[in-house]
Trainee: 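My questions all concern the structure below.
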2 protein chains.
Amino acid sequence: MDAIDLSLVELLQGNARLSYAELARQVGLSAPAVHERVGKLESSGVIRAYRAEVEPESIGLGVTAVIGLVEDSGADTDDVLEAVRRMPEIDSCYFMAGVESFLLKARVGTIAELEQLIVRLNRTPGVASTRTGVALSTKWENRPQPLGPAS
Amino acid sequence: MDAIDLSLVELLQGNARLSYAELARQVGLSAPAVHERVGKLESSGVIRAYRAEVEPESIGLGVTAVIGLVEDSGADTDDVLEAVRRMPEIDSCYFMAGVESFLLKARVGTIAELEQLIVRLNRTPGVASTRTGVALSTKWENRPQPLGPAS
DNA sequence: GGCTGAGGTCGATAGCGTCCACGGACTGTG
DNA sequence: CACAGTCCGTGGACGCTATCGACCTCAGCC
């Protein structure tokens, strides 16, 4: 990971569809060289994926909620995790310090669907309670990360 | 937004670097047709951007925190928002229902940097208090959204 | 010095992006 | 019904890109 790799990562964070030729021009290398570097960034796991960022409203997902989840004493954390993973509405999942072991971000179409999701979560074995906050609006999300001079 | 547009969005959510030719094969249209459809999805705002998803640790951002922010009574919400926006560590910002007007997700390199960020937030005019939770691990994030039959 | 490996350039070729002219299915109208 | 207009697609063409293989260069090491 040198300075050129960092620039490549930064460029691709900004626009994942840049051509190798364009990347090459920006960093001052040839296209094959860039191709190889990006390939290594991908296979070493620095670049995990390339995703189109979609406006949730336009695909019928207008409601965003954040859910803190408290586990039963004696719950199997892996089982809970697996159950949560199977709910496609849950688009992010963090294991947290604190009473609420998990913090979930969910995206659904309507408040009614959110209600159903919460009920399903509360019924899940190992889940003691949940606490849900509803986002009224998303100001921004997943802003490209500032590239600290890395590892 | 018909079924083909939905497939295109779904395919690009999964891999933003697919070529138009490949997309065309997958949805059974010609490349120029796909090119035009994707162009319209972009300019109508359905597709906001294409981003490389980067492993935060590898660019020196190993600490994820979630911060609830309570505004002063009489604070100017727009000013608070502007101040928060200027902090590049804050990668997501939601305006929430509840006492904590904003929920922020931050990404920093070390706990020391997190401390500085929190101090800066608490010093910001209009901010009454903050409450921070630290993520011990990220199970997953920004999973491709399930494509409900959309608008 | 001479080997070796990493990482670059160059050149070639197949395939892709993108522009354009053209054509069929709907739709509203005389 | 015939007509024109619109929408949305196809196919062809052409320049640019992706990607492979051959070769070059430099650093480290025996």
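We name chains A, B, ... by the order of the sequence lines, and we start the count at 1 in each one. Atoms considered below: every heavy atom in the structure, side chains included; atoms not considered: hydrogens, waters and symmetry mates. None of these values were measured; they are calculated from a predicted model.
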Trainee: Centres of the Phe95(B) and Phe102(B) rings: under 6.0 Å?
Mentor: yes

Trainee: Between Glu71(B) and Ser101(B), is there a side-chain donor-acceptor contact under 3.5 Å, judged purely by atom types and distance?
Mentor: yes

Trainee: With a cut-off of less than 4.0 Å, is there a side-chain N or O of Lys40(A) near OP1 or OP2 of dA6(C)?
Mentor: no

Trainee: Considering only NZ, NE, NH1 and NH2 on the basic side and carboxylate oxygens on the acidic side, decide whether Glu113(A) and Arg120(A) come within less than 4.0 Å.
Mentor: no

Trainee: With distance as the sole criterion, is a donor-acceptor pair present between the side chains of Gln26(B) and Ser7(B) under 3.5 Å?
Mentor: no

Trainee: Going by number, which of residues 15-37 of chain B have a non-hydrogen atom under 4.0 Å from DNA chain D?
Mentor: Leu29(B), Ser30(B), Pro32(B), Ala33(B), Arg37(B)

Trainee: Quick test of your reading of the model: are Asp91(A) and Arg143(B) salt-bridged, counting only N-O distances below 4.0 Å?
Mentor: no

